[in-house]
Amino acid sequence: MDGERMDYLEGLNDRQRDAVLHTEGPLLIMAGAGSGKTRVVTHKIAYLIEEKGVYPSSILAITFTNKAASEMKDRVKELIDADVDKMWMGTFHSICVRILRRDIDRLGYDRSFTIYDRDDQITLMKECIKELNIDKTMYKESAVLSKISSLKDASIEPDSYINENYSEFRERTIGELYALYEKKLKKYNALDFDDLIIKTVVLLKENKDILEFYQNKFKHVFVDEYQDTNKIQYEFARLLSGKHENICVVGDSDQSIYGWRGADIGNILNFEKDFENSTVILLEQNYRSTPNILNVANKVIGNNFERQAKNLWTNREEGEKVVYEQLDYSEEEGHFIANKIHQLIYKGYKLKDIAVLYRTNAQSRTFEESFMKEELPYKIVGGLRFYDRKEVKDVIAYLKVLQNPNDNISIKRIINTPRRGVGLATISKIEEYAIEHGESFYGALLSLDEIDSLNARAKNSVSPFIDTMNVLMAKKEVMGLKDFIEEMISSIGYIEELKKEDTIEARTRIENIKEFISVALNFENINEDATLEDFLASVSLLSDVDKTVDENNLITLMTIHSAKGLEFKVVFVVGLEEGLFPSFRSLESDEDIEEERRLMYVALTRAEEVLFITNAKRRTIYGNTNYTLPSRFIEEMGDTIEKPEVKKANIQSKSADESLIRIKDFTMPNLNYNPAMMKKRNDGDKEVNIGDKVKHKKWGIGTVAMVKEREGDKELTIAFDKGGLKRLLLSIAPIEIIGG
DNA sequence: ATTTGTTCTTGTCGG
DNA sequence: AAGAACAAAT
């Protein structure tokens, strides 16, 4: 084995090697984009296990997504033959669930607790607003929730917030909502995402024995993407590493992009102060991108004032210039990129090498349309997600209730799904009864006969539901996960209901439910003795990236936030317009603009070889077409990018402020812009569809029977009136399209 | 009176 | 696309 020892250090640069060999005491690895941090961490773990005799079970590694965790495991496994499944690797949330499942009863919760996602939170908040008779036009659920989230992160209790803001009506009301929200969560035996970490920290702090158990267990703690941790996550990591003090955090302050959800860039900036005897190692050599790409990224991020000086460098080949293209309409962005992709594929790039990155999910649609038209296979990460589909959420809600009958939010979702004739009036009567008798909603259902306010018809509608649920609860105990879910779906008649509809939409819903069943089957296959609890938790804690399959050769469409930590040979960063990127919500604060700039930095540094940035002069979004200004970031890039030939004199010669006002004046809702018309104008003879009539020099009139992509060109199969079937290449064939 | 069907509004980033 | 407000149907 002696000869292999050096393997852990082979191919590492000096700085990386230092990081691997530093095994005692707090360590911060300031890892610039593409500087090989995952490599360092995996080699370090391998080194610890193989050379320092550390048990895999003594290692805790916190990653940003579950996918990152499993990749890390795989990579350690490639280096050494160790039982990597014994390591605790996962997101903050999944690690915390694991801890809570064991001991949450000490905090007065049941171990079968439910995890509330964003939608559940909103429903719960609606319930609170209604119950306190608050003017709902004044308090938006999402706004109240984000305030509550930041209060929770700062460990401010509802009562103290109310007292501190007693004279401020609005703040006091938010405090009251906060108090009720917390009360209900507890009553429903549910935890929101923030709670998962907060309650774990509380559990550890209040129970010395549990804290000591984990402190002894974890001899080495790793935290990836440290720049995006919040206060409570910091506390959690600090607690767990409290005994051995071997905490290794990895991050890049230039890539801190989650400030809006409480991430505290101060965690990484103050690491040296926070942890005594700590060491900092800087990784500045970039292995990912060409100098041309790095120049652009460095140039942009250099405009951030609040920043630790750092400069990425590389010794890679120069590469191609970064190209900036401005289109006339947002719809043309899609066409332009589709065309470029055809060229890139002709050059030998694979679809999976290519990513389109945007600021908001809403932008994905134009690319979907173009790619479908051009027959370019793609996948979308995030956006309208499988797990957000109504039918999938319904099925999950059933499972949540069966696992935790106290989960009122889910019960109310499913009690009339599929339709059973149970309406709002019936539900509120049951709820009244429950409150009156100090019971849970489900408890009230069990004593349905005693609810006098309900008439016979209502009771008849509700009682089959209860019977079904009771039977299912019993079956849950004796059946396997996948079989049970199938049994559940068939006994509630969900699919039958959809079949009756007999629409395309209903059919896709059925498909989605079947897909969900296979997700369960898959989970069961991977995890022996998979419980419903485990399955539900894992489903709740999947990130957008976790939810997409990566086996296929597809173009990736996603937000820049989702792209964090990923890399692609070819990257298109789109929609570089003031108000879109940077987002209009950030325009007024320097701090927010700096975060947008870091986001831009993240986007640019995803690219390895080819990078395009685009924007449009007019953008249609949410049904309105507006004139736009190029993003300030483009100007900041200066001459590091290649701009298209300057077209005419542009109106942007005025100062930015003046132009902004102009934009407002010129905003035209419903410009009546028709993308179909534009296509004719731009694409001319490029656009061919099945059924189009064409005229050929030699064979005369024919009808297009087939269109097939062929290395950036199109191969047409045309049925000619005289001459039969011919296969022709669009670019060279002497044909003229004469109508559709 | 209650439920079901239809139109209208809304819309960063996400575990 | 989905929820809310409103209208129609039982």
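It should be emphasised that the depicted structure is a prediction, and the values quoted were computed from it without experimental measurement.
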Heavy atoms under 4.0 Å, any strand shown: does [X] hit a base, just sugar-phosphate, or nothing?
X        : result
A:Ser562 : sugar-phosphate
A:Lys140 : sugar-phosphate
A:Ser586 : nothing
A:Leu599 : nothing
A:Arg413 : nothing
A:Asn455 : nothing

How about [X] and [Y]: does a side-chain donor come under 3.5 Å of a side-chain acceptor?
X        : Y        : result
A:Ser586 : A:Ser583 : no
A:Asp117 : A:Ser540 : no
A:Tyr433 : A:Asp452 : no
A:Asp194 : A:Ser149 : yes

May I ask you to verify if any side-chain N or O of [X] is less than 4.0 angstrom from the OP1 or OP2 atom of [N]?
X        : N      : result
A:Lys547 : B:dG15 : no
A:Asn230 : B:dG15 : no
A:Asn361 : B:dG14 : yes
A:Thr360 : B:dG11 : no
A:Arg419 : B:dG5  : yes
A:Ser540 : B:dG15 : no
A:Lys393 : C:dA2  : no

Exercise for the section: Return yes when atom NZ of A:Lys499 has more than 12 non-hydrogen atoms of other residues, nucleotides or ligands closer than 6.0 Å, and no otherwise. Expected result: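 Not more than 12 within 6.0 Å, no.
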Practice task
Return the 5'-most residue of the pair A:Gly421, A:Arg118 with respect to DNA chain B, ranking by each residue's nearest nucleotide.
Solution key: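 Here A:Gly421 is the residue nearer the 5' end.
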Practice task
Take A:Thr559 and A:Val422, find for each the nucleotide of DNA chain B with the closest heavy atom, and name the residue whose nucleotide sits nearer the 5' end.
Solution key: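 Taking each residue's closest nucleotide, the earlier one in sequence belongs to A:Val422.
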Exercise for the section: Could you provide the dot-bracket string of DNA chain B, using ( ) for intrastrand pairs, [ ] for crossing pairs and | for bases paired to another strand, with Watson-Crick or G-U pairs below 3.5 Å? Expected result: ||||||||||.....
Rounded interatomic separation in angstrom, taking [atom1] from [X] and [atom2] from [N]:
X        : N      : atom1 : atom2 : value
A:Trp260 : B:dT12 : CH2   : C1'   : 8 Å
A:Asp544 : B:dC13 : CG    : C1'   : 10 Å
A:Phe584 : B:dC13 : CZ    : P     : 11 Å
A:Glu577 : B:dT12 : CD    : C1'   : 15 Å
A:Glu595 : B:dC13 : CD    : P     : 14 Å
A:Gln363 : B:dT12 : CD    : P     : 12 Å
A:Ile197 : B:dG15 : CD1   : P     : 12 Å
A:Glu391 : C:dA1  : CD    : C1'   : 11 Å

Exercise for the section: Check A:Asp254, A:Asn303, A:Asn304 against A:Arg597 for a side chain to side chain donor-acceptor pair (under 3.5 Å) and give me the one that passes. Expected result: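 Of the listed residues A:Asp254, A:Asn303, A:Asn304, the side chain to side chain donor-acceptor pair (under 3.5 Å) partner of A:Arg597 is A:Asn304.
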Handout entry: Cation-pi geometry met for A:Lys564 and A:Phe64 (6.0 Å, 45°)
Key =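 Here A:Lys564 passes the 6.0 Å and 45° test against A:Phe64.
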Exercise for the section: Name the residue closer to the 5' end of DNA chain C, choosing between A:Arg509 and A:Arg457 according to the nucleotide with the nearest heavy atom. Expected result: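 Looking at the nearest nucleotide for each, A:Arg509 comes out on the 5' side.
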Problem - Spatial distance of atom CG (A:Asn267) from atom CD (A:Gln227) [nearest 0.5 Å] - result: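 Going from CG on A:Asn267 over to CD on A:Gln227, the span is 10.5 Å.
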Handout entry: Per-pair stack call A:Tyr258 and B:dC13, 5.5 Å, 30°
Key =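 Given the distance and angle limits, no, they do not stack.
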Practice task
Name the orientation class of the two ring planes belonging to A:Tyr258 and A:Trp260 (parallel below 30°, tilted from 30 to 60°, perpendicular beyond 60°).
Solution key: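 Correct class here is tilted.
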Nearest to the side chain of [X] - [options]?
X        : options                : result
A:Arg585 : B:dT12, B:dT2, B:dG14  : B:dT12
A:Lys126 : C:dG3, B:dT2, C:dA2    : C:dG3
A:Phe193 : B:dG14, B:dG15, B:dT12 : B:dG15

Handout entry: Pairwise P distance, B:dG11 and C:dA5 [rounded to whole Å]
Key =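 Taking atom P in both C:dA5 and B:dG11, they lie 14 Å apart.
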Handout entry: A:Arg359 (side chain) and B:dC13 (base): donor-acceptor pair under 3.5 Å
Key =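 By the distance-only test, yes, there is a pair.
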